[in-house]
Q: 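First the structure, then my questions, so here it is.
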Amino acid sequence: MSFPNSSSRTRKHKLILSGVVVPLVILLVIVLLVVLIPGRKKSPTSEGLEWKGKGTDEYFHEIILGRCYNYIATINSELRDTDCLKIWKLLQNAFMYKDPCSVTEEDYKPLMEFARHPIPCNKSLFWSKTNDLVHRYTKANRDFLTLEDTLLGYIADGISWCGKPSSPGVNYKSCPKWTECENNPSTIYWKMASKMFAEAACGTVQVMLNGSTEADAFRSNSIFGSIEIFNLNPDKVSKVHIWLMHDIDRPQSESCTGHSVAKLKEILESRRISVSCEDNYRPVQLLQCTNNPNHNTCRICS
Ligand SMILES: *[C@@H]1O[C@H](CO)[C@@H](O)[C@H](O)[C@H]1NC(C)=O
Ligand SMILES: *[C@@H]1O[C@H](CO)[C@@H](O)[C@H](O)[C@H]1NC(C)=O
């Protein structure tokens with residue numbers, strides 16, 4: 001066994017030195033980056049943003065106009081003569097250059113009146129906490145219409161918008177959340193559009209609820225529970241058919257015999273509207289099965 005000579009020892013020292021110092025320096029740089037960068041980034045954004053919600057979507061104007069033309073040209077040809085430019089003007093008048101916390105129903109009234117259209121009897125489909133599934137279903141089955149399949153629902157679905165008093169009259173950076181102020185442009189819009197959608201319903205209507213949430217399937221503070229059920233007209237609507245859908249691969253938290261469904265029945269029956277409830281309405285379940293074809297509940301013969 002040979003001892004290392006002195007020159008190889010200094011090389012070793014250098015190696016140890018660089019093995020310790022270099023990682024230390026890198027670590028220091030990383031720590032500095034981690035500490036400094038967010039600090040530098042954070043301060044302007046958190047100070048600059050007025051509201052907690054997402055700002056008006058980029059291309060808001062183009063999206064609304066494009067969706068309106070798409071709707072009247074390819075989705076609902078009965079509305080083919082609707083003036084989409086006027087829809088945009090009325091929407092613009094409702095919120096632009098205004099304080100986004102003091103929008104009123106009056107502001108939206110001209111737009112709502114202009115864009116309202118009849119819904120054929122037996123076709124209205126309400127929903128709560130089933131956003132994705134219900135719209136996959138109405139795309140597959142044209143016998144039913146949700147609010148988002150009407151003109152007003154279609155043009156604004158998934159979009160955020162609000163105004164501000166100073167130029168350019170639109171806030172693209174941030175918009176008030178519902179918790180910051182209730183009278184904000186999109187909350188008022190959806191409340192009014194939901195109310196109108198419910199008022200237009202007739203015959204048998206359906207509602208798709210979620211039997212796999214942690215919370216109740218029927219929640220009285222939802223749009224459906226607080227606005228839509230109270231604006232169904234008992235002279236026109238004879239029956240509400242509940243479709244209680246469970247996620248195929250998740251435990252069921254509520255069925256048709258559950259207590260929140262009972263509460264919904266009670267409210268509707270007191271308004272002289274009869275109610276029926278079906279667990280896992282099969283046509284919708286078959287759609288769920290497209291994502292889960294091998295599951296037991298998806299077999300043709302079970
Ligand atoms: C709606 O459904 C009811 C009962 O299912 C039926 O009697 C009625 O004719 C239907 N109305 C329309 C317009 O299809
Ligand atoms: C039901 O709610 C849960 C929890 O919010 C959600 O993950 C699930 O996608 C919902 N199911 C349907 C059918 O929408």
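Model, not experiment: these values are computed from the prediction. The residues of the chain are indexed from 1 along the displayed sequence. Atoms within each ligand, like the ligands themselves, are counted from 1 in listed order.
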Q: Are any of the N or O atoms of Asn210 closer than 3.5 Å to those of ligand 2?
A: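 Such a contact does occur with ligand 2.
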Q: Is there a donor-acceptor pair closer than 3.5 Å between any side-chain N or O of Glu180 and the backbone N or O of Lys177?
A: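 Yes; judged by distance alone, with no hydrogens or angles, the pair exists.
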Q: Evaluate whether atom NZ of Lys263 has more than 12 neighbouring non-hydrogen atoms of other residues, nucleotides or ligands under 6.0 angstrom away.
A: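 No, not enclosed.
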Q: Below 4.0 angstrom from a heavy atom of Leu133, which ligand 2 atoms are there? Numbered from 1 as shown, please.
A: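 Taking each heavy atom of Leu133 in turn, ligand 2 has 13 (C) under 4.0 Å.
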Q: Closest non-hydrogen protein atom to atom 5 (O) of ligand 2, residue and atom name please, with distance?
A: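 Closest protein heavy atom to atom 5 (O) of ligand 2: Thr213 CG2, 4.0 Å.
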Q: Considering heavy atoms of the protein only, find what lies nearest to atom 6 (C) of ligand 1 and give residue, atom and distance to 0.1 Å.
A: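 Ranking protein heavy atoms by distance from atom 6 (C) of ligand 1, first comes Asn122 ND2, 4.1 Å.
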Q: Do any N or O atoms from the side chain of Thr82 and from the backbone of Leu79 form a donor-acceptor pair under 3.5 angstrom?
A: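 Side chain of Thr82 to backbone of Leu79, a donor-acceptor pair under 3.5 Å: yes, one is there.
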Q: For ligand 2, which is the ligand I care about here, please tell me if Asp247 has any N or O atom under 3.5 Å from one of the ligand's N or O atoms.
A: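 For ligand 2, there is an N or O atom that lies under 3.5 Å from one belonging to Asp247.
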Q: Would you mind running through ligand 2 and noting each atom that sits below 4.0 Å from a heavy atom of Thr130?
A: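 Listed by number with element, the hits are 14 (O).
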Q: Does the side chain of Glu78 come under 3.5 Å of the side chain of His117 through a donor N or O and an acceptor N or O?
A: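 Checked: Glu78/His117 side chains show no N/O donor-acceptor pair below 3.5 Å.
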Q: Side chain, backbone, both or neither: which part of Arg250 has a heavy atom under 4.0 Å from ligand 2?
A: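 It is the side chain that touches ligand 2; the backbone stays farther off.
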Q: Write out the residue and atom name of the closest protein heavy atom to atom 13 (C) of ligand 1, then the distance separating them to 0.1 Å.
A: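 I find the closest protein heavy atom is Cys121 CB, 3.9 Å.
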Q: For Asn210 and Thr213, does a side-chain donor sit closer than 3.5 Å to a side-chain acceptor?
A: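 Looking only at side-chain atoms, Thr213 and Asn210 do not form any donor-acceptor pair under 3.5 Å.
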Q: Check for me whether the distance between the ring centres of Tyr69 and Trp88 falls short of 6.0 Å.
A: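 Not close enough - the centres of the two rings lie 6.0 Å or further apart.
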Q: At the 4.0 Å heavy-atom cut-off, does Lys129 count as touching ligand 2?
A: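 Contact check Lys129 vs ligand 2: positive.
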Q: Ignoring hydrogens, tell whether any protein atom lies closer than 4.0 Å to atom 9 (O) of ligand 1; use the non-hydrogen atoms only.
A: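 No, there is no protein heavy atom closer to it than 4.0 Å.
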Q: Which residue supplies the protein heavy atom nearest to atom 4 (C) of ligand 1, what is that atom called, and how far is it?
A: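 Its nearest protein heavy-atom neighbour is Thr204 OG1, 4.4 Å.
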Q: Would the distance check show the side chain of Thr130 and the main-chain N or O of Met208 forming a donor-acceptor pair, the cut-off being under 3.5 Å?
A: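 Here the side-chain-to-backbone pair exists.
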Q: Enter the distance from Tyr281:OH to Leu244:CG here, rounded to the nearest 0.5 Å.
A: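 It comes to 14.5 Å.
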